[in-house]
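What follows is a single structure, written as structure tokens, with notes after it.
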Amino acid sequence: MYQVNSIGHKIEIGKKALNKLSAFLKTKDHSKYFILCDENTLKFCLPVLVNHCKILEKAEIIEIESGEASKNIDLCIQVWATLIECNADKNCLFINLGGGVVSDLGGFVASVYKRGIDFINIPTSLLAMADAGIGGKTGIDFAGIKNSIGSIIQPKGVFVFPQFLDTLPQDQFDNGLSEIYKIALISDIAFWKKLASQKGLSGVEEIIYRSIVLKNSIVKKDPFEKNIRRSLNFGHTIGHAIESSLLKTKSELLHGEAVLIGMICESLISMQKKLITKKEFLEILNTLLERFIFLPVQSSYFEAILQALANDKKTNKGVIRCALLNGMGKCKINVSVNLKQVKDSLELYNSFIK
Ligand SMILES: NC(=O)c1ccc[n+]([C@@H]2O[C@H](COP(=O)([O-])OP(=O)(O)OC[C@H]3O[C@@H](n4cnc5c(N)ncnc54)[C@H](O)[C@@H]3O)[C@@H](O)[C@H]2O)c1
């Protein structure tokens, strides 16, 4: 069992995380509990949760449809309407039981309902355990732009129960693993080497813990992303633009898959800017190609990707600013990158995965 101190709350990780949650709930005097879940976490995780925390038997359950398409304002309105109907007051507790879609949407809903009610995260996907459930970023997609509306607000607690992963599909597992590789690559070369040398994945709890420690230490230094927290966006500037370009399509590209493509493109640009050597770039490329499955980015999407980059919240006065690698295990923020370099990197990415 691990415990990490975050901003005004604790992150509990391990087999006893739900017991810790029970104890946490007993110390508070919440008027009501609301649990937000999707159809999968309702089926696989809610019974386990309630079994550990009997007090939650009386919680109101709010179910949303799984998937990125749910991260929208209409769904927020529906959840707020349900809270009003159920007379949710300032003193209730909102519980996000799910992956990053649930915690992003639920955190945002809670952050503005009655000017903010308490919420906690119980992440159930690997991506949410290692990344999305940590750090207080919440949000939804709006006007075709990923995470364009949201808030940065810390949960009252995060309870990571790795056994939830037993029912997570393999592609979703890899989806989460990509963010773990990312945090290792930007902040802890020894952790990166350890991940790269592992064939299977043993010690998933330790890996989640390490990832949380690394992310948390960055978030604590810069909660509102004015500075060093931007390093977490490595792979995401191009990754998010790819996701945004696909939002209105039926694409099933997962967040982590888009980030992996972004990581390859942004590593390539790091090499072109002499921030990493060719040898280092090839190590990154080969490690990722060996571990993950990659799909090409159709050139018909390039224009939409470049357009999405122009709208990216990290773009300042028309200049694209990326967090790039600065040697292995280190990152340099606010590096200017032009759209031609992005387009070239996408073309080269397509040639690498052939
Ligand atoms: N706030 C942040 O800091 C942050 C960081 C990274 C990503 N994100 C966001 O997170 C989202 C992606 O999160 P995600 O990958 O967890 O997606 P997700 O929430 O859609 O979950 C992935 C899938 O796994 C299912 N699932 C979750 N837990 C399960 C379990 N234990 N058993 C069986 N099925 C389970 C879900 O129902 C869903 O179908 C994106 O919207 C991304 O923008 C946010």
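All values reported here derive from a predicted model rather than from experimental measurement. Atoms within a ligand are numbered from 1 in the order they appear, just like the ligands themselves. What you see below is based on every heavy atom in this structure, not just the backbone, and it leaves out hydrogens, waters and symmetry mates.
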Give me the residue, atom name and distance of the protein heavy atom closest to [atom].
| atom | result |
| --- | --- |
| atom 10 (O) of ligand 1 | G100 CA, 3.3 Å |
| atom 40 (C) of ligand 1 | E68 OE1, 3.3 Å |
| atom 33 (C) of ligand 1 | T167 O, 3.2 Å |
| atom 26 (N) of ligand 1 | L168 CD1, 3.7 Å |
| atom 25 (C) of ligand 1 | N40 ND2, 4.0 Å |
| atom 36 (C) of ligand 1 | D38 OD2, 3.3 Å |

Are there more than 12 heavy atoms of other residues, nucleotides or ligands under 6.0 Å from atom CD of E65? no
More than 12 foreign heavy atoms under 6.0 Å from CZ of F142: is that the case here? no
Closer than 4.0 angstrom, basic N to acidic O: yes or no for D174 and R291?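 Salt bridge flag = yes for R291 with D174.
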Charged N to carboxylate O below 4.0 Å: is that the case for K215 and E179? no
Only counting residues at least two apart or in another chain, list the ones meeting side chain to side chain donor-acceptor pair (under 3.5 Å) with S66. E39
Under the side chain to side chain donor-acceptor pair (under 3.5 Å) test, which residues partner D222, sequence neighbours left out? none
Can you tell me which residue among V158, I183, I134, I207 is in a side-chain contact (heavy atoms from CB on, under 4.5 Å) with I212?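 Only match with I212 under side-chain contact (heavy atoms from CB on, under 4.5 Å): I134.
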Which of the atoms in ligand 1, numbered in the order shown and given with their element, are less than 4.0 Å from a heavy-atom of V101? 11 (C), 13 (O), 18 (P), 19 (O), 20 (O)
Can you list the ligand 1 atoms lying under 4.0 Å from a non-hydrogen atom of D131?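 Matching atoms, with element in brackets: 5 (C), 6 (C).
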Passes salt bridge (Lys or Arg N to Asp or Glu O under 4.0 Å), K43 versus E63? Steps please. CA-CA 11 Å; K43 180 173 169 194; E63 183 189 345; over 6 Å; no
Selection from [options] by shortest heavy-atom distance to [atom]:
| atom | options | value |
| --- | --- | --- |
| atom 43 (O) of ligand 1 | E243, K146, Q172, K182 | K146 |
| atom 44 (C) of ligand 1 | D104, I134, L97 | D104 |
| atom 16 (O) of ligand 1 | S125, S66, G107 | S125 |

Below 4.0 Å, non-hydrogen atoms only: which portion of T138 touches ligand 1? Side chain, backbone, both or neither.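 Neither; no heavy atom under 4.0 Å.
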